[in-house]
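Let me begin by presenting the structure, written as structure tokens, before commenting on it.
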Amino acid sequence: MQIFKFGGASVKDANGVKNLANVLRTIGYDNTLVVVSAMGKTTNALEVVIKNYFNNKPQLQSALQEVKKYHNEILLELFDNENHSVFKNVSTLFNELNTFLYTNKSPDYNFVYDQIIGYGELISTTIISEYLNSVNIKNNWIDVRNYIKTDTYYRRANVDWEATQRLISQNLNTATLNITQGFLGSDANNFTTSLGREGSDYTAAIFAYCLSAKSVTIWKDVPGVLNADPRYFENAKLLNKISYREAIELAFYGASVIHPKTLQPLQRKEIPLFVKSFLNPKANGTKICKDIVLEPLTPCFIVKKNQVLISLSSLDFSYIVEENISDIFNLLHQHKMKVDVIQNSAISFSVCVDNIYNNLDKLLLQLKAKFKVVCHESVSLYTIRHYNDKAISQIETGKTVLLKQLTQETVQVVTQ
């Protein structure tokens with residue numbers, strides 16, 4: 001059994017859907033389950049629908065119409081016959097969504113978000129399944145919500161592994177090609193839930209774990225996992241092999257590799273994960289598996305822009321001790337600041353944070369009551385795994401270094 005996952009970029013238009021079919025023909029699809037995300041930027045477009053539902057009802061139908069138009073254009077390119085059942089099936093899904101918008105009584109934003117956002121995946125997989133059948137790649141469309149069960153933590157639901165394992169092992173016909181949705185699940189009352197960040201990758205890992213699959217392949221528009229983001233670094237190199245541990249380390253520091261929650265179930269059953277290009281499906285890509293040395297062993301660069309560096313010192317030159325540090329972290333937690341690096345001495349404490357929720361001013365006001373505070377906004381945090389002198393010089397040249405921290409395998413530098 002093999003699991004394939006195709007993201008929104010791979011099926012953003014009719015040509016993308018046709019290329020997915022080509023990948024399946026090229027690689028083979030016996031005993032395969034394909035997990036697919038919403039097409040292109042559909043999730044973003046549905047978030048506009050959700051925003052208008054709560055804050056701008058007059059623009060609600062207009063926003064929904066944009067989503068319909070986008071998918072209809074793809075349908076018209078893929079299917080010559082407008083009487084094909086796929087048009088009715090997609091229309092039925094949009095009607096279901098519209099009915100929810102006008103009958104829902106819940107004021108809970110997170111609940112409403114999950115009930116609406118999931119239609120992106122339901123529609124994309126309906127179109128893809130029907131297209132594959134039309135080109136003689138016979139498949140079975142399945143509703144992932146009948147297989148992955150979760151709690152009611154909407155927008156970041158936790159998987160009920162026991163129920164999910166039972167449903168998948170007892171009900172899924174693995175002898176055929178199955179097409180299903182990423183990102184989604186359902187709670188005990190069968191309301192739609194979503195799995196949070198990188199949810200479609202996680203879906204693939206959940207099925208792989210429950211089916212003891214031989215592998216998972218994530219198809220992207222890049223040749224595999226690179227040692228640096230090519231938007232910020234020249235001459236990025238393909239990483240041929242990465243250990244689970246190394247991939248989790250890179251993800252922790254902010255690399256757009258694979259989210260740790262995706263790797264964890266694969267690691268437990270030692271299921272290898274491949275990251276390959278849907279533009280060149282025969283290329284090797286990157287393999288992530290157990291106990292292998294990074295290949296090639298080269299510095300890996302990660303950059304996080306628009307960070308905030310906060311430096312604290314005691315007002316009376318007394319020590320920064322456990323009690324002070326505990327107070328600082330409580331405030332960071334209260335203001336939802338994601339901590340990326342910390343450094344402290346006897347009388348000072350520095351922390352680089354991500355001000356995702358725009359609570360910086362409130363945080364600084366409370367910190368200034370107890371500490372002398374120096375704040376640098378719009379700084380960049382560079383992390384280098386497996387660094388050398390040349391790699392550090394590449395980062396620091398022409399920049400003001402505000403903080404630098406080295407361990408045996410990792411260096412972190414905050415610059416302005």
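This chain uses plain numbering: 1 for the first residue, then up along the sequence. What you see is a predicted model; the values in this text were computed from it and never measured. Note that these values count all heavy atoms, side chains included, but never hydrogens, waters or copies made by symmetry.
The 12-atom threshold is not exceeded at NZ of Lys41, counting heavy atoms of other residues, nucleotides or ligands nearer than 6.0 Å. Within 6.0 Å of the NZ atom in Lys282, the count of heavy atoms belonging to other residues, nucleotides or ligands does not exceed 12. More than 12 heavy atoms of other residues, nucleotides or ligands lie within 6.0 Å of NZ in Lys18, so this atom counts as buried by the packing criterion. Within 6.0 Å of CZ on Phe87 lie more than 12 heavy atoms contributed by other residues, nucleotides or ligands. For NZ of Lys138, the number of neighbouring non-hydrogen atoms (other residues, nucleotides, ligands) closer than 6.0 Å is greater than 12. Atom CZ of Phe111 is surrounded by more than 12 heavy atoms from other residues, nucleotides or ligands within 6.0 Å. Surrounding CG of Asn284 are at most 12 heavy atoms belonging to other residues, nucleotides or ligands under 6.0 Å away. Residue-environment remark: CZ (Arg245) stays at or below the threshold of 12 foreign heavy atoms within 6.0 Å.
With sequence neighbours left out, Lys12 forms a salt bridge (charged side-chain N to carboxylate O under 4.0 Å, His left out) with no residue at all.
Side chain of Gln343 to backbone of Lys404: a donor-acceptor contact under 3.5 angstrom is found. Remark: the backbone N or O of Glu121 is paired with a side-chain donor or acceptor of Ser124 at under 3.5 angstrom. The main-chain N or O of Ala391 is found under 3.5 Å from a side-chain atom of Asn388 such that the two form a donor-acceptor pair. A donor-acceptor pair under 3.5 Å links the side-chain atoms of Asn139 to the main chain of Ser129, judged by distance alone. Looking only at distances, no side-chain donor or acceptor of Asn189 sits under 3.5 Å from a matching main-chain atom of Phe191. Checking side-chain atoms of Lys261 against main-chain N and O of Leu195 turns up a donor-acceptor pair under 3.5 Å. In this structure, the side chain of Asn227 does not engage the main chain of Ala236 through any donor-acceptor pair within 3.5 Å. Panel note: side chain Ser169, backbone Gln165; a donor-acceptor pair is recorded below 3.5 Å. When atom types are taken as modelled, the side chain of Asn140 and the backbone of Asn178 share no donor-acceptor pair closer than 3.5 angstrom.
A donor-acceptor contact closer than 3.5 angstrom links the side chains of Gln2 and Thr32. Remark: the His376 side chain and the Gln307 side chain contain no N/O donor-acceptor pair separated by less than 3.5 Å.
Remark: Arg385 engages Glu409 in a salt bridge, criterion side-chain N to carboxylate O under 4.0 Å. Note on Lys149 versus Asp187: no salt bridge recorded, every NZ/NE/NH1/NH2 to OD/OE distance being 4.0 Å or above. Salt-bridge formation is detected for the pair Lys5/Asp201: a Lys NZ or Arg NE/NH1/NH2 atom is positioned less than 4.0 Å from an Asp or Glu carboxylate oxygen.
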Counting only pairs under 3.5 Å, give me each side-chain donor-acceptor contact of residues 206-224, with atom names and distances, residues two or more places apart or in other chains.
{"from": "Ser212", "atom 1": "OG", "to": "Lys269", "atom 2": "NZ", "distance (Å)": "3.0"}

Quiz prompt | Residue pair Ser200, Ser37: steps toward the side chain to side chain donor-acceptor pair (under 3.5 Å) verdict | solution = CA-CA 6 Å; Ser200 291; Ser37 301; 3.0 Å; yes
Practice problem: Carefully, step by step, assess Asn359 and Gln334 under the rule side chain to side chain donor-acceptor pair (under 3.5 Å). | Solution: CA-CA 10 Å; Asn359 289 328; Gln334 288 173 24; over 6 Å; no
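Between Leu331 atom CG and Phe371 atom CZ the span is 8.0 Å, to the nearest 0.5 Å. Summarising the geometry, atom OH belonging to Tyr154 is positioned 9.0 Å from atom OG1 belonging to Thr192; distances are rounded to the nearest 0.5 Å. Taken from OG1 in Thr43 to CG in Leu46, the straight-line distance is 6.5 Å, to the nearest 0.5 Å.
Screening residues 70-89 for side chain to side chain donor-acceptor pair (under 3.5 Å), with sequence neighbours left out, gives Asn89-Glu130.
The two residues Ile142 and Thr180 make their nearest non-hydrogen contact at O-OG1, 3.0 Å. Residues Val401 and Val413 approach most closely at CG1-CG1, 3.9 Å, considering heavy atoms.
Using a 4.5 Å heavy-atom cutoff, the side chains of Lys241 and Leu294 are not in contact.
A ring-centre distance under 6.0 Å is not found for Phe301 and Tyr382.
In this structure, Tyr109 and Tyr113 have tilted ring planes: the angle between them lies in the 30° to 60° band.
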